[in-house]
2 protein chains.
Amino acid sequence: MSKHQKEMALLKEHLGKHQLKYTRQRELILDAFLKQEHITAEELYHQLARKDPHLGLATIYRTLNLFCEAGLAQARHFGTQTQYDNVSHKGHHDHLICTECGKIVEFENCDIERLQEEVAARNGFVIKTHRLELYGLCSRCQH
Amino acid sequence: MSKHQKEMALLKEHLGKHQLKYTRQRELILDAFLKQEHITAEELYHQLARKDPHLGLATIYRTLNLFCEAGLAQARHFGTQTQYDNVSHKGHHDHLICTECGKIVEFENCDIERLQEEVAARNGFVIKTHRLELYGLCSRCQH
DNA sequence: ACGCTAATTGAAATGGGTTATCAATTTCAA
DNA sequence: TTGAAATTGATAACCCATTTCAATTAGCGT
Ligand SMILES: [Mn+2]
Ligand SMILES: [Mn+2]
Ligand SMILES: [Zn+2]
Ligand SMILES: [Zn+2]
């Protein structure tokens with residue numbers, strides 16, 4: 001029995017509802033994707049090149065977008081590329097980014113998260129996702 | 001005396017500090033930019049095409065990036081394009097975005113801003129800018 | 001005012017990430 | 001098993017933004 005029973009079931013449910021097919025490529029990509037917390041299409045492409053050198057980059061993109069629609073993944077534009085977050089990993093975090101050297105620090109702050117919910121509620125919104133990025137200079141680049 | 005005395009002074013200060021020049025094009029773009037709350041490079045390009053049909057799009061991009069460095073503007077990737085916010089117009093604000101109907105609510109929350117500073121300080125960063133976007137469903141789209 | 005040098009410009013080419021196209025292949029329900 | 005419909009991989013197209021480069025211009029020292 002596979003380790004990712006639940007996610008595979010979720011995907012197959014989505015496929016069934018939309019007359020989509022469960023292909024060898026989708027299985028391959030799903031397996032690789034679920035091992036990650038978050039990954040880009042290019043990274044996944046290079047990882048999978050070993051298992052199947054003929055797997056196309058377009059298929060990776062198509063499949064990751066499919067995962068988003070099925071609720072398995074969540075796209076997050078980061079810098080120039082798109083990160084696809086594995087929703088089944090619970091580790092939400094935000095980012096501190098040094099505009100000088102590119103250093104990135106991940107952080108989590110539940111007070112901020114709570115205040116975001118309050119702001120949303122005050123405006124009648126229900127938040128599904130969010131992005132918080134702080135740009136500045138790291139300690140090394142301040143001099 | 002121009003209406004945008006303060007912003008022009010800020011720009012000229014930045015130019016002086018970096019051996020940059022005050023050109024006809026930069027003056028033209030500054031005037032048009034300061035009339036907006038936020039605008040894309042393409043929009044500005046079309047607006048200014050009437051005043052100077054030879055003004056190049058590359059110059060618009062270069063100048064808007066210059067404005068960002070001088071602190072007059074703030075770039076915000078929104079949808080597929082980049083919005084350049086006029087900092088003097090509204091001051092800083094963040095966004096609540098409905099993923100269903102596209103409704104956008106601007107908000108400001110100084111508690112969140114303060115906590116951001118704390119997170120940054122704890123990691124040795126000095127924040128220059130940030131972006132906070134909350135995606136979800138507005139009250140109308142929740143049904 | 002003049003001349004020099006470095007910054008700036010416009011037009012066009014280039015870039016990077018993503019999506020569209022399309023003929024060949026594969027899935028899966030009948 | 002069969003065949004319509006979905007999928008695939010290779011590649012072209014996209015789109016916004018940046019880079020290139022020769023010609024022009026700004027602005028300092030004289
Ligand atoms: Mn967060
Ligand atoms: Mn803010
Ligand atoms: Zn740094
Ligand atoms: Zn809505």
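Below, chain A is the first sequence line, B the second, and so on; all start at residue 1.
Considering only side-chain N and O atoms, A:Thr23 lies nowhere under 4.0 angstrom from the phosphate OP1 or OP2 of D:dA6. Distances shown here put a side-chain N or O of B:Tyr61 below 4.0 Å from the OP1 or OP2 atom of D:dA17. Neither OP1 nor OP2 of C:dT8 sits under 4.0 Å from any side-chain N or O of B:Thr59.
Between B:Phe33 and B:Phe67, the angle of the ring planes lies from 30° to 60°, which puts this pair in the tilted group. Ring geometry for B:His130 against B:His92 counts as perpendicular: the plane angle is over 60°, on a 0 to 90° scale with 30° as the lower cut.
A:Ile60 has its CD1 atom 12 Å from the P atom of C:dT18, to the nearest Å. Between the CG atom of B:Leu57 and the C1' atom of D:dT19 there is a distance of 13 Å, given to the nearest Å. Computed from coordinates, the B:Leu44 CG to D:dC16 P distance equals 16 Å when rounded to whole Å. For A:Arg24 and D:dT8, the CZ to C1' distance is 10 Å, given to the nearest whole Å. Atom P of nucleotide C:dT8 and atom CG of B:Leu64 are separated by 15 Å, given to the nearest angstrom. Distance, B:Leu48 CG to C:dT9 C1': 15 Å, rounded to whole Å. Between A:Asn65 atom CG and D:dA6 atom P there is a gap of 18 Å when expressed in whole angstrom units. The interatomic distance linking A:His54 (NE2) with D:dG9 (C1') rounds to 10 Å, in whole Å.
Minimum atom distance to the side chain of B:Lys21 is reached by D:dA26, of the listed D:dC16, D:dT20, D:dA26. Among the nucleotides C:dG16, D:dA10, C:dT8, the one closest to any side-chain atom of A:Thr80 is C:dG16. When distances are taken from the side chain of B:Leu20 to each of C:dT8, D:dC16, C:dT18, the shortest belongs to C:dT8. The listed nucleotides are C:dG17, C:dT9, D:dA17; the one nearest the side chain of B:Gln25 is C:dT9. Distance from the side chain of A:Asp52 is smallest to D:dG9 among D:dC15, D:dG9, D:dT19.
In this structure, B:Glu42 reaches neither bases nor backbone, as no heavy-atom distance under 4.0 Å exists between it and the strands shown. At the heavy-atom level, B:Thr82 lies under 4.0 Å from the strands shown only through sugar-phosphate atoms.
The 5' end of DNA chain D is approached more closely, in terms of each residue's nearest nucleotide, by B:Arg62 than by the other of B:Arg62 and B:Tyr22.
Across every strand in view, D:dT11 sits in a pair with C:dA20 that passes the Watson-Crick or G-U test at under 3.5 angstrom.
Looking only at side-chain heavy atoms (C-beta outward), A:Asn65 and A:Arg62 stay at 4.5 Å or farther from each other.
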Show the numbers, then the answer: is there a side chain to side chain contact (heavy atoms under 4.5 Å, CB included) between B:His93 and B:His95? CA-CA 7 Å; B:His93 58 262; B:His95 297 92; 3.4 Å; yes

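Taking only distance into account, the side chain of A:Arg26 never meets the base of C:dT26 through a donor-acceptor pair shorter than 3.5 Å.
Between the side chains of A:Gln36 and A:Glu43, no donor-acceptor pair of N or O atoms lies under 3.5 Å.
To the nearest 0.5 Å, the span separating CD1 on B:Ile112 from CG on A:Leu132 amounts to 8.5 Å.
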